[in-house]
*Asks:* 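Structure incoming, see below.
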Number of protein chains: 2
Amino acid sequence: MIKQSIKLTVDAVVFGYESDSKISVLLVKRRIAPYKGEWAIPGGFVKTSESLEEAVQRELKEETGVSISYLEQLYTFGESDRDPRERVVSVAYYGLIKPQDFDLNASTDAEEAEWFDIDELPELAFDHKRIIEVAINRLKGKVTYEPIGFELLDKEFPFSDLENLYVTLLGRPIDRRNFRKKMLSFGLLDELDKKSSTGRGRPANLFRFNSERYFSLKKEGFVFEI
Amino acid sequence: MIKQSIKLTVDAVVFGYESDSKISVLLVKRRIAPYKGEWAIPGGFVKTSESLEEAVQRELKEETGVSISYLEQLYTFGESDRDPRERVVSVAYYGLIKPQDFDLNASTDAEEAEWFDIDELPELAFDHKRIIEVAINRLKGKVTYEPIGFELLDKEFPFSDLENLYVTLLGRPIDRRNFRKKMLSFGLLDELDKKSSTGRGRPANLFRFNSERYFSLKKEGFVFEI
DNA sequence: TCAAAAGTGTTAGAGGTACACCCATGG
DNA sequence: CCATGGGTGTACCTCTAACACTTTTGA
């Protein structure tokens with residue numbers, strides 16, 4: 001039959017965000033050649049019997065200790081010179097998590113796992129720089145027409161966190177009043193009877209994203225658009 | 001090292017369109033097991049030394065005789081039960097061509113190649129029905145924010161062809177006057193000094209899509225949006 | 001002269017954008 | 001009482017959506 005010697009891997013670009021900060025990406029330091037000791041996005045070979053999503057989740061857990069709620073396929077990178085030793089095709093995913101929900105290095109499989117600001121990435125193994133670039137573009141595009149940004153925020157968040165997240169992602173200032181008006185007009189945010197007390201300034205009301213409501217509206221043809 | 005027995009294939013959902021008709025998909029009848037004799041989208045195993053795009057173009061040429069101008073990666077299908085015999089992961093692409101530019105069955109590699117209206121698909125091998133569905137959704141979404149529809153039309157086309165294409169793709173009536181106004185406002189269509197003479201009715205002016213202009217506008221941040 | 005398709009403007013309403021001041025709290 | 005961040009309304013303007021008649025040709 002067919003003689004094919006191509007290896008299949010999965011890789012994951014995991015984004016995190018903390019209030020008043022930049023978007024960051026989760027990287028691991030490689031324990032093995034090639035690119036031993038260099039930083040890379042988590043990932044590894046797919047087992048013959050597991051699905052691609054299972055493979056991503058497993059590798060992530062092994063190498064960084066995190067597990068992901070929002071995970072989406074990004075692109076498949078298959079140039080024949082990606083890996084210096086053999087033909088490796090990688091199905092890349094990207095995911096969003098709340099960094100504060102996890103301790104890194106909770107596992108023993110990775111030498112080191114660390115968050116890097118997307119504007120201050122180190123040298124990266126393979127074509128991982130490009131994969132991250134593609135993921136950033138996808139994320140920046142997608143937040144404008146799907147409410148995935150909430151995956152990066154706490155369950156209950158002050159409105160300013162949401163606003164800062166969008167300013168960071170879109171890379172441009174937005175009008176606070178207009179943004180709030182529009183966001184609230186969707187009816188997807190439940191305003192809670194709680195205040196955040198972050199120190200100085202007037203305490204903010206907390207909100208929660210109502211995802212059941214989003215899915216039911218979506219079925220009726222509603223389109224989120226910011 | 002790693003022991004992995006996963007085969008990698010590429011598959012292509014090729015769309016075509018002829019004036020006043022439905023969108024169609026190019027299918028081939030399989031010569032070999034599994035699913036021998038059933039209809040499937042063109043595709044096959046990736047050679048160890050070729051890129052994924054090269055593989056798609058090669059398989060398309062071999063099985064149907066067409067070569068594609070607009071080709072884009074769609075999604076990678078990797079469930080472990082896709083193929084009844086072994087683990088096969090398929091990187092699916094979708095492409096757009098003008099059917100009138102090619103004779104089908106120009107090659108000897110496929111038993112049969114034929115266009116099928118997307119609303120009248122036959123039974124399909126593997127999970128190809130699902131792949132086509134994903135491709136249709138992508139196409140329908142993408143025509144609204146990138147001017148890829150022109151890949152389905154002749155170089156020189158009457159405005160009504162464009163309008164009919166969008167009506168077909170969007171699946172809803174559109175206002176002729178508003179549509180023309182908006183399309184022309186982009187400045188991406190060159191009106192030619194020619195008329196089409198399709199038989200009855202007033203002859204239409206022919207237009208041509210100016211792709212150089214599109215790319216230069218795009219660099220400056222212009223966004224096509226219908 | 002009739003049938004078929006092409007071509008063309010205006011108006012009302014919705015939605016987007018721009019913009020500045022007061023409020024609640026902690027130090 | 002001051003510094004810090006939270007919360008709010010209005011007016012203009014642009015873009016969208018709705019809508020129908022005339023023109024050119026072939027039969």
*Asks:* Reckon B:S160 has a side-chain N or O less than 4.0 Å from the OP1 or OP2 of C:dA5?
*Replies:*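 Looking at the OP1 and OP2 atoms of C:dA5, neither is under 4.0 Å from any side-chain N or O of B:S160.
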*Asks:* Is B:R200 side chain donor-acceptor paired with the D:dT25 base, going by distance under 3.5 Å alone?
*Replies:*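 There is none.
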*Asks:* Are side-chain heavy atoms of B:Y93 and B:L60 found at a separation under 4.5 Å?
*Replies:*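 Sidechains of B:L60 and B:Y93: no contact.
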*Asks:* Roughly how many Å is it from CG in A:L192 to P in D:dG6, rounded to a whole number?
*Replies:* 16 Å
*Asks:* How many whole angstroms separate atom CZ of A:F159 from atom P of D:dT8?
*Replies:*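 Taking atom P of D:dT8 as the reference, CZ of A:F159 is at 10 Å.
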*Asks:* Just checking A:F159 against A:F207, ring centres under 6.0 Å apart?
*Replies:*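 Yes, the ring centres sit under 6.0 Å apart.
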*Asks:* Short question: side chain of B:E54, backbone of B:S51 - any donor-acceptor pair under 3.5 Å?
*Replies:* yes
*Asks:* Counting only N and O atoms by type, is there a donor-acceptor contact under 3.5 Å from the side chain of A:D154 to the main-chain atoms of A:F157?
*Replies:* no
*Asks:* Find the distance A:E163:CD to D:dG6:P and express it as a whole number of Å.
*Replies:*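 So the two atoms are 8 Å apart, to the nearest Å.
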*Asks:* Find which nucleotide of DNA chain D each of B:R176 and B:E225 is nearest to by heavy atoms, and output the residue with the more 5' nucleotide.
*Replies:* B:E225
*Asks:* How close or far is atom P of C:dG15 from atom CZ of A:F186, stated in whole angstroms?
*Replies:*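 Atom-to-atom, A:F186 to C:dG15, this comes out as 11 Å.
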*Asks:* Given atom CG of B:L162 and atom P of C:dG7, what is their separation to the nearest angstrom?
*Replies:* 12 Å
*Asks:* Assign each of B:E191 and A:K195 to its nearest nucleotide of DNA chain C by heavy atoms, then name whichever residue's nucleotide is nearer the 5' end.
*Replies:*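 That would be B:E191.
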*Asks:* What's the closest nucleotide to the B:K182 side chain, out of C:dA24, D:dT16, C:dG7?
*Replies:*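 Between C:dA24, D:dT16, C:dG7, the one nearest the side chain of B:K182 would be D:dT16.
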*Asks:* Distance check needed: C:dG16 P versus A:I174 CD1, whole Å only.
*Replies:* 14 Å
*Asks:* Find the distance B:R172:CZ to D:dA18:P and express it as a whole number of Å.
*Replies:* 11 Å
*Asks:* Would you say A:N205 reaches D:dG6's phosphate, i.e. side-chain N/O to OP1/OP2 under 4.0 Å?
*Replies:*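 For D:dG6, OP1/OP2 do not have a side-chain N/O of A:N205 under 4.0 Å.
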*Asks:* Just so I know, are the side chains of A:L139 and A:V134 near enough to count as touching, which here means a heavy-atom distance under 4.5 Å?
*Replies:* no
*Asks:* Show the distances under 3.5 angstrom between N or O atoms of the protein and N or O atoms of nucleotides 9-14 of chain D.
*Replies:*
unit_1: D:dT10; atom_1: O4; unit_2: A:K181; atom_2: NZ; d: 2.9

*Asks:* Could you state the atom-to-atom distance from CZ of B:R202 to C1' of C:dC2 in whole Å?
*Replies:*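 The distance from CZ of B:R202 to C1' of C:dC2 comes to 17 Å, rounded to the nearest Å.
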*Asks:* Please confirm whether A:F186 and A:Y214 have ring centers closer than 6.0 angstrom.
*Replies:*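 Here the rings of A:Y214 and A:F186 have centres that are no less than 6.0 Å from each other.
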*Asks:* If only atom types and distance count, is the side chain of B:K98 paired as donor or acceptor with the main-chain N or O of B:E151 below 3.5 Å?
*Replies:*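 Pair found, side chain donor or acceptor close to backbone of B:E151.
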